[in-house]
Amino acid sequence: MSKNIIIASIFFVLQADMLCASSLRSFVEIALEHNMALKSEYLSLSKEEIGLNRANKEEFYPEVNLELDWSKSWGEEFEGFFWMGDGGNEKPTMNINSFISRTHPFGGKLRLNLSTNQMIGEKIQNQWDMTLDSEEPLSKSARQIIMTPLFDEQLQFDTAKLNLQERISEIIFDVINLYTQLQRLDFTLSIKTKELENLQGNIEISRIKLEKGLIPEMDIFQMELQTSSVLSEMETIKKDKRGQIARFLQILGIQSTIEDMQNSQEDFLNKIKVLKRLVEPYSQPLGTRSVMSIPQVKIKYIQIELSKRRLQEAVSRNAPVLIPAVTVNRSGNTTQEEFRASVKFPLYNKGIKKEETKIAQASLSQTELELKSLLINTQIDIATTLDEIKDTERRIEVLDKDIDLSEKIYEIAMIKYQRGLISAKDLLQYQADVFRKRKSIFEEQTELFLDYVKLLKITGELYHAYQKDIF
């Protein structure tokens, strides 16, 4: 099978999937599988996980080295002198050196070094050196740093997981938003189609009346002019829809076409009912619930912990260190043991300790301020979204009553027009009012739906809602 046939087959499968994916959840699943930005976040998480595993191995796994050494010396005469070498190593020598370190619960680090060497080809000799020493910082901050060797790597891995969760939430929100916009355009187009059909029907009736001399010819002109306007609006909507589809496909991360996305007005109303129950806890006072479920807040807390770590490192950089050590040397039947202790005092390290401490303290303070600002802005966003939800619900309630009244008035106007009691201009006004309100109420319903989704995104619960099959 040629490459072009394979590509065509893949394209056909994707196109078939898109045409069959009439539900919002199907499009979200496609985006989570194919979106390029999300794939990049998964790679970032994988890199951080590899970094954490590497740091774990560097900290706790032993290091073993094997060295083979061979040398030979010989005598040479030059300018009246004769130089004789010591013979060197006539046979290769094998040196094995192993090293491992472990932190202990009190904030120090134990290190064990074991080495041996053996001349290849000779009888195995009982010769080895073992050194056990410990690095004991005399600074509380330095000891705390040693007790958590994988601190930075673990927090960076946790940050990558939260960034991935936030990216998933953003993609779900973008898919829902663009999907809803496309639904709005489709519904508007269907409203305009019905309006056009209504106009064409009225034109046919009006032509009959014109032939009988019951209406002036101006009524026909007005209806034809209104028909032309509706056709123009329909073409504009179709153009906007093509642009929205291009953006939608970009979010989905595939190349295909979308011809039909069926989702009735009742489906949106059902989703709104479910979402309303889901977001009810957020209508309570903000202080009664935890904000730690919000990924961005978690990330800020992690950044604060990292900033504290940098401050600890800066403060303890020039702290003294106690190094007790025990060495055991074995050579044949002879064993030597030695204990020694030393204290290391860093006297001068480029004179930058004060600057490093100031920078670390400034970074910590800046992150704390960013967290406070984030919490305030989150609370404002939640309160604003809740107000928008209430306002939209009130507008929908008013529109529900208005559209019933407008439809009854339009039916009466149609009867009056057929009897010649009102002009075509008056009828067109009633007609336009009905279709405008039908369009407005659907827009308000989709806006309410998006407000609920926005609230879930702000609070970090959008992905959980998707997992519960709400969409």
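With a 6.0 Å radius and a threshold of 12 heavy atoms from other residues, nucleotides or ligands, Glu370 has its CD atom above the threshold. Crowding of Gln467 atom CD: a count of heavy atoms from other residues, nucleotides or ligands under 6.0 Å exceeding 12. Other residues, nucleotides and ligands contribute over 12 non-hydrogen atoms within 6.0 Å of the CZ atom of Arg436. Heavy-atom neighbours of Glu397 CD from other residues, nucleotides or ligands within 6.0 Å: at or below the threshold of 12. Summarising the local packing, CD of Glu338 is surrounded by more than 12 heavy atoms from other residues, nucleotides or ligands at distances under 6.0 Å. In the displayed structure, Arg54 atom CZ is contacted under 6.0 Å by at most 12 heavy atoms of other residues, nucleotides or ligands.
The existence of a salt bridge linking Lys390 and Glu393 is excluded, since no basic side-chain nitrogen approaches an acidic carboxylate oxygen closer than 4.0 Å. Using a 4.0 Å cut-off between charged side-chain N and carboxylate O, Glu313 and Arg317 make no salt bridge. Salt-bridge annotation for Arg310 and Asp152: present, with a side-chain N of the basic residue lying under 4.0 Å from a carboxylate O of the acidic one. A salt bridge links Glu447 to Arg184: one of the charged nitrogens lies within less than 4.0 Å of a carboxylate oxygen.
In this structure, the separation between CG on Leu162 and CD on Gln296 is 8.5 Å, given to the nearest 0.5 Å. Here the CG-CZ distance, from Leu252 to Phe27, works out to 7.0 Å after rounding to the nearest 0.5 Å. Expressed to the nearest 0.5 Å, how far OG of Ser98 lies from CG of Leu66 amounts to 11.5 Å. Rounded to the nearest 0.5 angstrom, Phe248 CZ and Asn177 CG are separated by 10.5 Å. Put simply, CG on Leu399 and CD on Gln445 are 9.0 Å apart, with the number rounded to the nearest 0.5 Å. A distance of 9.5 Å separates CG in Leu374 from CG in Asp381, rounded to the nearest 0.5 Å.
Contact check for Gln144 versus Ser316: no side-chain heavy atoms found under the 4.5 Å cut-off. With a 4.5 Å cut-off on side-chain heavy atoms, Asn65 and Glu63 count as touching. Between Leu38 and Leu164, the closest side-chain pair of non-hydrogen atoms falls below 4.5 Å. Two residues are said to be in side-chain contact when any heavy atoms from C-beta on lie closer than 4.5 Å; Lys241 and Gln244 fail this criterion. Put simply, the side chain of Lys39 does not reach to within 4.5 Å of the side chain of Leu43, judged on heavy atoms. Using a 4.5 Å cut-off on side-chain heavy atoms (C-beta onward), Val398 and Arg394 make no contact. Taking 4.5 Å as the limit, some side-chain heavy atom of Phe157 sits within range of a side-chain heavy atom of Lys161. In this structure the side chain of Glu41 never reaches within 4.5 angstrom of the side chain of Asn35, judged on heavy atoms.
The one candidate from Asp391, Val453, Ile396 that meets the side chain to side chain contact (heavy atoms under 4.5 Å, CB included) condition with Leu448 is Ile396.
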message: Before you tell me yes or no, could you show the steps for Val321 and Phe345 under side chain to side chain contact (heavy atoms under 4.5 Å, CB included), namely the whole-Å CA-CA distance, both residues' side-chain angles and the distance that decides it to 0.1 Å?
response: CA-CA 7 Å; Val321 179; Phe345 295 92; over 6 Å; no
message: side chain to side chain donor-acceptor pair (under 3.5 Å) for Arg395 and Ser440? Distances and angles first, verdict last.
response: CA-CA 10 Å; Arg395 289 196 299 271; Ser440 295; over 6 Å; no
Gln181 vs Arg247, side chain to side chain contact (heavy atoms under 4.5 Å, CB included): CA-CA, chis, key distance, verdict: CA-CA 11 Å; Gln181 299 300 329; Arg247 292 181 57 199; over 6 Å; no
query: Is there a side chain to side chain contact (heavy atoms under 4.5 Å, CB included) between Arg167 and Ile171 once you walk through the steps?
result: CA-CA 6 Å; Arg167 176 63 69 179; Ile171 289 173; 4.0 Å; yes
query: Between Tyr179 and Val28, is a side chain to side chain contact (heavy atoms under 4.5 Å, CB included) present by the stated rule, with each step listed?
result: CA-CA 10 Å; Tyr179 178 87; Val28 173; over 6 Å; no
- request: Take Glu59 and Lys109 through the test salt bridge (charged side-chain N to carboxylate O under 4.0 Å, His left out) and record every step on the way to the result.
  value: CA-CA 11 Å; Glu59 186 66 29; Lys109 181 177 288 188; 3.5 Å; yes
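With hydrogens and angles left out, the side-chain atoms of Glu49 and Asn53 include no donor and acceptor closer than 3.5 Å. A donor-acceptor contact closer than 3.5 angstrom links the side chains of Lys300 and Gln303.
Leu311 approaches Gln361 most closely through the heavy-atom pair CD2-OE1, 3.4 Å. Across Glu136 and Pro324, no two heavy atoms sit closer than the pair CG-CD, 4.3 Å. Contact detail for Thr103 and Ile146: the closest heavy-atom pair is CG2-O, 3.3 Å. The two residues Gly107 and Met147 make their nearest non-hydrogen contact at CA-CG, 3.3 Å. The two atoms that bring Thr93 and Asn95 nearest to each other are CG2-OD1, 3.8 Å, heavy atoms only. Closest of all the heavy-atom pairs between Ile299 and Asn163 is CD1-OD1, 3.1 Å.
With hydrogens and angles ignored, the 3.5 Å screen pairs no side-chain donor or acceptor of Asn56 with any backbone N or O of Leu52. Using modelled atom types, one side-chain atom of Arg143 and one backbone atom of Pro137 make a donor-acceptor pair closer than 3.5 Å. Ser46 places no side-chain N or O within donor-acceptor distance of the main-chain N or O of Tyr42, the cut-off being under 3.5 Å. Judged by distance alone, with hydrogens and angles left aside, the side-chain atoms of Thr446 form a donor-acceptor pair with the main-chain N or O of Glu443 at under 3.5 Å. Side-chain N or O atoms of Thr131 include none that pairs as donor or acceptor with a backbone N or O of Thr327 at under 3.5 Å. Judged purely by atom type and a 3.5 angstrom limit, Ser169 has no side-chain atom pairing as donor or acceptor with the backbone of Gln165. Without hydrogens or angle criteria, Arg309 side chain to Ile145 main chain gives a donor-acceptor distance under 3.5 Å. One N or O on the side chain of Ser44 and one on the backbone of Ser40 form a donor-acceptor pair closer than 3.5 Å. Distance alone, capped at 3.5 Å, places no donor-acceptor pair between the Asn113 side chain and the Phe99 backbone.
Every residue meeting the side-chain contact (heavy atoms from CB on, under 4.5 Å) condition with Lys308, not counting sequence neighbours, appears here in chain and number order: Ile304, Glu305, Leu364. When the salt bridge (charged side-chain N to carboxylate O under 4.0 Å, His left out) test is applied to Lys298, no partner is found at least two apart in sequence or on another chain. With sequence neighbours left out, the side-chain contact (heavy atoms from CB on, under 4.5 Å) criterion links Leu68 to Met94, Ile120.
Aromatic ring orientation, Phe442 versus Phe187: parallel (interplanar angle below 30°, classes split at 30° and 60°). The aromatic rings of Tyr466 and Tyr463 sit parallel, their planes meeting at an angle under 30°, below the 60° perpendicular limit.
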